[in-house]
Colleague: 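The structure that follows is given in the form of structure tokens.
These numbers come from the heavy atoms of this one structure, side chains and all, not from hydrogens, waters or symmetry mates. Here the structure is a predicted model, which means the values were calculated and not measured. Position 1 is the first residue of the sequence; numbering continues from there.
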Amino acid sequence: MSAVFRKPKTFRLRALHSQRKFGVAGWSCQEVLQKGCRHFQLPVTGSRLCLYEDGTELTGDYFWGVPDNSELVLLTSGQTWQGYVSDISRLLSAFHKPHAGLIQAAQQLLSDEQAPLRQKLLADLLHTVSENIAAETRAEDPPWFEGLESRFRSKSGYLRYSCESRIRSYLREVNSYASVVGVEAQEEYSRIVDVMCRELRAAQYNGSYFDRGAEAGGRLCTSEGWFCCQGPFDMDTCASKHSINPYGNRESRVLFSTWNLDHIIEKKRTVVPALAEAVTERNGREVAWEYFYSLLFTSANLKLVHIACHKKTTHKLSCDPRRIYRPQTTPKRRRPARKCQ
């Protein structure tokens with residue numbers, strides 16, 4: 001078919017440092033370039049057109065092969081474009097100090113974007129630059145507290161409460177197991193649970209694990225509030241390098257609630273039944289409740305994991321039989337007194 005019967009090619013065009021796009025049509029690369037330069041008041045000499053997608057320069061031979069409504073970037077002499085990643089790189093270079101203009105630019109890019117992959121990249125970037133990690137109080141970051149009770153006045157306070165609630169739920173499970181223990185052992189089982197409860201209250205239910213203001217050894221995050229997935233129960237690290245900062249924005253706070261404090265030696269299948277069995281079969285021995293306490297409520301046996309790293313399979317791990325009871329001490333024999341010579 002002769003070029004005479006072709007329709008003019010249509011494009012969406014923008015200059016390098018502008019988010020404004022305008023529609024342009026032309027019969028040739030040079031015609032589109034001239035219209036673009038006239039619109040943006042740029043010199044034609046030294047200017048060229050590139051595909052927004054990957055930075056490929058638009059030439060005469062390539063002109064008719066480009067789909068209609070493709071996005072183009074108009075470059076002047078000395079300017080470069082490496083594809084849409086250039087926009088993302090530009091935003092990333094400034095995201096550590098986000099401001100209204102930066103967020104607006106990201107929102108504009110996202111609103112005009114149609115490709116799913118680029119939508120995902122821009123949405124993730126916008127989520128990141130919108131974070132207000134340094135803010136701590138409700139007054140400093142009202143959106144973070146949306147949906148939370150008014151009694152929560154600080155981010156650290158809420159996240160402490162969140163951790164405490166998880167630990168309290170473990171304690172309730174341990175306490176409810178008393179009904180399964182034989183009648184003759186129930187009193188001792190309940191006594192041990194009461195001791196654990198007092199220990200937890202003294203430790204404020206280990207709420208410091210989620211509190212970025214806590215001492216370094218008592219929290220699972222950095223001082224800025226970044227948490228890293230510790231990997232599945234049967235691995236030393238997280239292969240996917242999952243991380244999150246629930247202090248950043250409301251969405252991160254909500255997503256963090258899906259992360260698990262996973263028991264390496266399983267609580268329900270292993271630790272609690274082992275405690276009940278130890279109490280039932282103690283036969284004069286003293287149960288080492290501190291060992292079970294560490295397995296049930298502390299980071300000695302808890303791993304913070306992204307939901308994708310939380311394996312639901314049976315862990316097939318057991319309690320250490322050498323640590324279930326306190327070592328029995330054998331009374332020393334008295335040596336007969338020596339007679340004075």
Colleague: Which pairs with one or both residues in residues 172-207 pass ring-ring contact (aromatic ring centres under 6.0 Å, His included), sequence neighbours excluded?
Modeller: none

Colleague: Please report the closest heavy-atom contact between A300 and S294, naming both atoms and the distance.
Modeller: CB-O, 4.1 Å

Colleague: Answer yes or no: are there more than 12 heavy-atom neighbours, outside D68 itself, under 6.0 Å from its atom CG?
Modeller: yes

Colleague: Report the distance from atom OG of S70 to atom CG of L13, rounding to the nearest 0.5 Å.
Modeller: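 If I round to the nearest 0.5 Å, the distance is 12.0 Å.
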
Colleague: Backbone N or O of I244 within a donor-acceptor pair of the W259 side chain at under 3.5 Å?
Modeller: no

Colleague: Working to the nearest 0.5 angstrom, can you tell me the gap between Y209 OH and L220 CG?
Modeller: 7.0 Å

Colleague: Checking D211 now: which residues fulfil side chain to side chain donor-acceptor pair (under 3.5 Å) with it, not counting sequence neighbours?
Modeller: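 Partners of D211 under the side chain to side chain donor-acceptor pair (under 3.5 Å) test: S156, R160.
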
Colleague: Going only through I, L, V, M, F, W and Y residues with side-chain contacts under 4.5 Å, is there a path from V174 to I324?
Modeller: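 Both belong to a single hydrophobic cluster.
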
Colleague: Has R212 got a side-chain atom pairing as donor or acceptor with E224's backbone, closer than 3.5 angstrom?
Modeller: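 Present.
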
Colleague: Pair R12, F22 - check side chain to side chain contact (heavy atoms under 4.5 Å, CB included), show working.
Modeller: CA-CA 6 Å; R12 291 179 298 146; F22 84 103; over 6 Å; no

Colleague: Look up atom SG in C29 and atom CH2 in W64, then write down how far apart they are to the nearest 0.5 Å.
Modeller: 11.5 Å

Colleague: Consider only side-chain heavy atoms of I, L, V, M, F, W and Y, link residues closer than 4.5 Å, and tell whether V287 and V195 are in one cluster.
Modeller: yes

Colleague: Taking all non-hydrogen atoms of both residues into account, name the closest pair between A203 and Y293 and its distance.
Modeller: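 For A203 and Y293, the tightest heavy-atom pair comes out as CB-OH, 4.2 Å.
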
Colleague: Should V305 and M235 be counted in the same cluster of Ile, Leu, Val, Met, Phe, Trp and Tyr side chains packed under 4.5 Å apart?
Modeller: no

Colleague: Hydrophobic clusters here meaning ILVMFWY residues chained together by side-chain heavy-atom distances under 4.5 Å, can you tell me if L159 and V254 are in one?
Modeller: no

Colleague: Checking the side chain of K303 only, and the main-chain atoms of Q230 only, is there a donor and an acceptor separated by less than 3.5 Å?
Modeller: yes

Colleague: Can you list the residues that meet the side-chain contact (heavy atoms from CB on, under 4.5 Å) rule with R153, with sequence neighbours excluded?
Modeller: R138

Colleague: Does E251 reach the side chain of R253, with side-chain heavy atoms less than 4.5 Å apart?
Modeller: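 With C-beta onward as the side chain, the pair stays apart.
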
Colleague: Could you walk me through whether E173 and K268 satisfy the salt bridge (Lys or Arg N to Asp or Glu O under 4.0 Å) test, starting with their C-alpha distance in whole Å, then the side-chain angles of each, then the deciding distance to 0.1 Å, before giving a yes or no?
Modeller: CA-CA 8 Å; E173 286 186 62; K268 195 170 184 178; 5.1 Å; no

Colleague: Tell me, do L317 and F233 make a side-chain contact under 4.5 Å, heavy atoms counted?
Modeller: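 SC-SC contact between L317 and F233 confirmed.
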
Colleague: I'd like to know whether the aromatic ring centres of F152 and F145 sit less than 6.0 Å apart in this structure.
Modeller: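 Ring-ring flag for F152/F145: false, centres at least 6.0 Å apart.
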
Colleague: State, to 0.1 Å, how close A185 and V279 come at their nearest heavy-atom pair, and which atoms those are.
Modeller: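 Closest pair (atom of A185, atom of V279, distance): O-CG1, 3.5 Å.
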
Colleague: Whether R323 engages the ring of Y291 as a cation-pi pair (distance to the six-membered ring centre under 6.0 angstrom, angle to the ring normal within 45°) should be assessed.
Modeller: no

Colleague: Is W226 linked to L304 within one hydrophobic cluster, defined over Ile, Leu, Val, Met, Phe, Trp and Tyr using a side-chain heavy-atom separation of less than 4.5 Å?
Modeller: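 In one cluster: no.
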
Colleague: Please determine whether side chain to side chain contact (heavy atoms under 4.5 Å, CB included) holds for the pair L171 and F297, giving the CA-CA distance in whole Å, both sets of side-chain angles, and the decisive distance to 0.1 Å.
Modeller: CA-CA 8 Å; L171 180 62; F297 308 117; 4.0 Å; yes

Colleague: Hey, does the side chain of R269 reach the backbone of E266 with a donor-acceptor pair shorter than 3.5 angstrom?
Modeller: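 Answer holds: no.
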
Colleague: In terms of side-chain heavy atoms, does Q79 have a donor or acceptor partner in T76 at a distance below 3.5 Å?
Modeller: yes

Colleague: So I192 and F292, do their side chains get closer than 4.5 Å, heavy atoms only?
Modeller: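 Not in contact.
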
Colleague: Test side chain to side chain contact (heavy atoms under 4.5 Å, CB included) on E188 and T280; report intermediate values, then the result.
Modeller: CA-CA 9 Å; E188 177 62 13; T280 302; over 6 Å; no

Colleague: Count the heavy atoms of every other residue, nucleotide or ligand shown that sit under 6.0 Å from CD of E187, and state whether that count exceeds 12.
Modeller: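 Atom CD in E187 is not crowded, with 12 or fewer foreign heavy atoms closer than 6.0 Å.
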
Colleague: For salt bridge (Lys or Arg N to Asp or Glu O under 4.0 Å), just list the numbers for E215 and R219, CA-CA rounded to whole Å, side-chain angles, deciding distance to a tenth of an Å, and then say yes or no.
Modeller: CA-CA 7 Å; E215 294 292 332; R219 52 180 157 81; over 6 Å; no

Colleague: What do you reckon, are the aromatic ring centroids of Y170 and H263 less than 6.0 Å apart?
Modeller: yes

Colleague: Any chance CZ of R151 has more than 12 other-residue heavy atoms, nucleotides or ligands included, within less than 6.0 Å?
Modeller: yes

Colleague: Side chains of C319 and T270: does their closest heavy-atom pair fall under 4.5 Å?
Modeller: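 In short, these two side chains touch, coming nearer than 4.5 Å.
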
Colleague: What is the distance from atom OG of S252 to atom CG of N132, rounded to the nearest 0.5 Å?
Modeller: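 These two atoms lie 11.5 Å from each other.
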
Colleague: If you compare all heavy atoms of V66 against all heavy atoms of F11, which two are closest, and at what distance to 0.1 Å?
Modeller: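 Closest heavy-atom pair between V66 and F11: CG1-CE2, 3.9 Å.
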
Colleague: Would you mind checking if K35 and E31 are paired as a salt bridge, meaning a charged N to carboxylate O distance below 4.0 Å?
Modeller: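 Yes.
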
Colleague: Do R166 and S162 have side chains that get closer than 4.5 Å, going by heavy atoms?
Modeller: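 A side-chain contact under 4.5 Å exists here.
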
Colleague: Centroid separation under 6.0 Å, is that true for the rings of F210 and F256?
Modeller: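 Yes.
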
Colleague: With salt bridge (Lys or Arg N to Asp or Glu O under 4.0 Å) as the test, would you mind laying out the steps for E71 and K21 before giving the verdict?
Modeller: CA-CA 9 Å; E71 185 174 340; K21 303 172 188 177; 3.3 Å; yes

Colleague: Can you check whether L33 reaches L74 side chain to side chain, under 4.5 Å on heavy atoms?
Modeller: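 SC-SC contact between L33 and L74 confirmed.
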
Colleague: Return the NZ to CG distance between K267 and L302, rounded to the nearest 0.5 Å.
Modeller: 9.0 Å

Colleague: Before giving the answer on side chain to side chain contact (heavy atoms under 4.5 Å, CB included), spell out for N175 and R172 the whole-Å C-alpha distance, their side-chain angles and the decisive distance to 0.1 Å.
Modeller: CA-CA 5 Å; N175 190 44; R172 286 194 295 270; 5.6 Å; no

Colleague: Write down the atom of A15, the atom of V73, and the distance for their closest heavy-atom approach.
Modeller: C-CG1, 4.4 Å

Colleague: Contact between F63 and V32 at the side-chain level, heavy atoms closer than 4.5 Å - yes or no?
Modeller: yes

Colleague: Measuring only between side-chain heavy atoms, which start at C-beta, is S47 closer than 4.5 Å to L75?
Modeller: no

Colleague: So, for E277 and Y325, which heavy atoms are closest and what is the spacing to 0.1 Å?
Modeller: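 Nearest pair, atom of E277 first, then Y325: O-OH, 4.3 Å.
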
Colleague: Just by modelled atom types, is the R20 backbone N or O under 3.5 Å from a matching donor or acceptor in the R14 side chain?
Modeller: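 Absent.
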
Colleague: Where the side chain of T298 meets the backbone of L295, is there a donor-acceptor pair that is under 3.5 Å apart?
Modeller: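 Not at all, since once roles are kept as given, no pair shorter than 3.5 Å links the two residues.
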
Colleague: Once you measure the plane-to-plane angle for Y247 and F227, does it fall in the parallel (<30°), tilted (30-60°) or perpendicular (>60°) bin?
Modeller: parallel

Colleague: Could you measure the distance from the CG atom of L58 to the CG atom of L49? Nearest 0.5 Å is fine.
Modeller: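 So the CG of L58 and the CG of L49 are separated by 5.5 Å.
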
Colleague: Fit a plane to each ring of Y158 and Y161, take the angle between them on a 0 to 90° scale, and name the class: parallel (under 30°), tilted (30 to 60°) or perpendicular (over 60°).
Modeller: tilted

Colleague: Under 3.5 Å, is there a donor-acceptor pair between the side chain of N260 and the main chain of H306?
Modeller: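 The answer is no, because no donor-acceptor pair under 3.5 Å joins these two groups.
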
Colleague: Looking at I264, is its backbone amide N or carbonyl O close enough to the side chain of H315 to form a donor-acceptor pair, meaning the two atoms are under 3.5 Å apart?
Modeller: yes

Colleague: May I ask you to decide whether K155 forms a salt bridge with E136, counting only side-chain N to carboxylate O separations under 4.0 Å?
Modeller: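 Salt bridge flag = no for E136 with K155.
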
